[in-house]
Amino acid sequence: MVGIKPKDLTPTATVKFFGAGTAACIADLVTFPLDTAKVRLQIQGESKVTEGTVGVKYRGVFGTISTMVRTEGPRSLYNGLVAGLQRQMSFASVRIGLYDSMKQFYTRGTENASIVSRLMAGCTTGAMAVAFAQPTDVVKVRFQAQVRVTEGARRYNGTLDAYRTIARDEGVKGLWKGCMPNITRNAIVNCAELVTYDIIKELILKYDLMTDNLPCHFTAAFGAGFCTTIVASPVDVVKTRFMNSSPGQYNSAINCAINMLAKEGPTAFYKGFVPSFLRLGSWNIVMFVSYEQIKRAMTRAQQSWESPF
């Protein structure tokens with residue numbers, strides 16, 4: 001996103017928009033089992049409270065994945081994948097693809113963007129993305145947590161059935177459940193993720209530690225994933241619990257957070273931290289590396305199309 005040398009081709013806003021959505025889908029395909037494991041770990045304490053059980057079903061990210069494969073089959077790791085891909089195409093395209101354009105808007109087109117301008121751009125595109133993608137996020141979380149219903153039963157029969165069922169049983173607002181904590185989470189995630197990546201990459205290029213290529217993108221993406229996990233885990237857990245809750249279980253996201261704190265203690269806000277880091281770290285690496293390569297390929301293809309000779 002930053003550090004483009006004069007000799008390099010400058011990708012258009014359209015290229016960034018579609019490139020970000022495509023790269024995010026690739027990243028989701030690679031890391032989705034880790035995301036599903038994270039959701040199961042995040043709701044585990046809630047399941048014990050609501051169902052009266054005392055046993056801990058999932059222990060650690062790889063233990064969770066192993067248990068799911070053994071008890072539900074390998075396909076369970078990809079519960080909600082369709083909704084997840086729908087989410088990324090609508091969500092990442094906005095929050096990542098429009099970040100540079102929004103940053104230019106806040107800096108009024110100047111070259112040097114301050115940290116405040118970067119944070120404002122990240123918050124803005126993160127909030128905008130939720131407006132487009134919230135229903136897909138609700139459906140994805142519901143599918144990933146589907147094991148909570150009785151054995152042999154399925155909460156939803158398919159992605160479209162999930163949209164219809166939620167709208168019918170909970171009203172259209174059910175598809176926007178957890179919208180405010182999701183806006184909060186994604187404003188935080190977007191700022192931590194994009195701004196950290198932006199700054200790390202800029203510093204690497206500024207001090208000639210690496211060239212603007214794959215190792216640079218890998219390093220910046222890894223750092224962005226780690227910082228994002230630390231900052232975003234508490235609000236991510238609350239978002240997951242609230243989205244997956246039955247009608248009337250919590251009055252609001254704040255009520256959900258208070259209940260978690262009272263019944264499970266402050267460590268509940270970091271449930272699933274390891275899978276969150278593994279997922280966010282690997283997701284960032286795959287996404288940003290893919291995004292940079294897709295931008296370059298699409299820009300070259302666009303230039304070849306416009307100037308074939």
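Quick note: numbers below take in every heavy atom, side chains included, and nothing from hydrogens, waters or symmetry partners. Remember, predicted model here, so these are calculated numbers, not experimental data.
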Do [X] and [Y] pair up side chain to side chain, a donor and an acceptor below 3.5 Å, judged on atom types alone?
X: Y99; Y: D198; answer: yes
X: T124; Y: Y106; answer: yes
X: N79; Y: T36; answer: no
X: Q104; Y: S101; answer: no
X: T64; Y: T67; answer: no

*Short N-O contact, R296 and D212, less than 4.0 angstrom*: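 The answer is yes: the pair qualifies as a salt bridge.
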Does any N or O in the side chain of [X] come within less than 3.5 Å of the main-chain N or O of [Y], such that one atom is a donor and the other an acceptor?
X: N284; Y: L280; value: yes
X: T136; Y: A133; value: yes
X: S246; Y: Q249; value: no
X: S117; Y: A113; value: no
X: S290; Y: A23; value: no
X: S66; Y: F62; value: no
X: Q134; Y: L175; value: no
X: R40; Y: Q144; value: yes
X: K38; Y: L278; value: no

*Going through the checks in order, is the side-chain contact (heavy atoms from CB on, under 4.5 Å) test met by F273 and T229?*
CA-CA 7 Å; F273 180 83; T229 308; 3.5 Å; yes
*Test side-chain contact (heavy atoms from CB on, under 4.5 Å) applied to N190 and V195, step by step*: CA-CA 8 Å; N190 222 37; V195 174; over 6 Å; no
_Six-ring centre of Y291, K295 cation under 6.0 angstrom, axis tolerance 45°_ =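 Yes, a cation-pi geometry.
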Residues, nucleotides or ligands: over 12 heavy atoms within 6.0 Å of [X] [atom1]:
X: M180; atom1: CE; result: no
X: I254; atom1: CD1; result: no
X: F17; atom1: CZ; result: yes
X: Y78; atom1: OH; result: yes
X: F269; atom1: CZ; result: yes

Which heavy atom in [X] sits nearest to a heavy atom in [Y], and how many Å separate them?
X: C191; Y: C123; result: SG-SG, 3.2 Å
X: A27; Y: T31; result: O-OG1, 2.8 Å
X: I294; Y: G19; result: CG2-CA, 3.7 Å
X: I200; Y: G223; result: CD1-CA, 4.0 Å
X: V138; Y: K177; result: CG2-O, 3.5 Å
X: V15; Y: T299; result: CG1-OG1, 3.8 Å

_With sequence neighbours excluded, residues passing salt bridge (Lys or Arg N to Asp or Glu O under 4.0 Å) with D28_ = R279
Roughly how far, to the nearest 0.5 Å, is [atom2] of [Y] from [atom1] of [X]?
X: T10; Y: Q303; atom1: OG1; atom2: CD; answer: 10.0 Å
X: F218; Y: L214; atom1: CZ; atom2: CG; answer: 8.5 Å
X: R142; Y: T240; atom1: CZ; atom2: OG1; answer: 12.0 Å
X: Y250; Y: N244; atom1: OH; atom2: CG; answer: 9.5 Å
X: L34; Y: S282; atom1: CG; atom2: OG; answer: 5.0 Å
X: L85; Y: K140; atom1: CG; atom2: NZ; answer: 10.5 Å

Shared hydrophobic cluster for [X] and [Y] (ILVMFWY, side-chain gaps under 4.5 Å):
X: I258; Y: M260; value: no
X: M287; Y: L98; value: yes
X: I96; Y: M298; value: yes

*Going through the checks in order, is the side-chain contact (heavy atoms from CB on, under 4.5 Å) test met by H217 and K201?*
CA-CA 7 Å; H217 305 156; K201 182 182 173 186; 4.1 Å; yes
*Would you call Y163 and Q86 a side-chain contact if the rule is heavy atoms closer than 4.5 Å?*
yes
_Side-chain heavy-atom pair I65, M68 within 4.5 angstrom cut-off_ =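 Answer no - side chains too far apart.
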*Just say parallel, tilted or perpendicular for the rings of F288 and Y197, cut-offs at 30° and 60°.*
parallel
*Kindly give the cluster partners of V231, where membership spreads through any ILVMFWY side chain lying under 4.5 Å from a current member.*
I188, V235
*Given the rule in the side-chain contact (heavy atoms from CB on, under 4.5 Å) test, do M128 and M102 qualify, once you have shown the distances and angles that lead to the verdict?*
CA-CA 11 Å; M128 287 169 59; M102 195 57 63; 4.0 Å; yes
*With sequence neighbours excluded, give me every salt bridge (charged side-chain N to carboxylate O under 4.0 Å, His left out) pair touching residues 75-88.*
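Sorted pair list: R87-D137.
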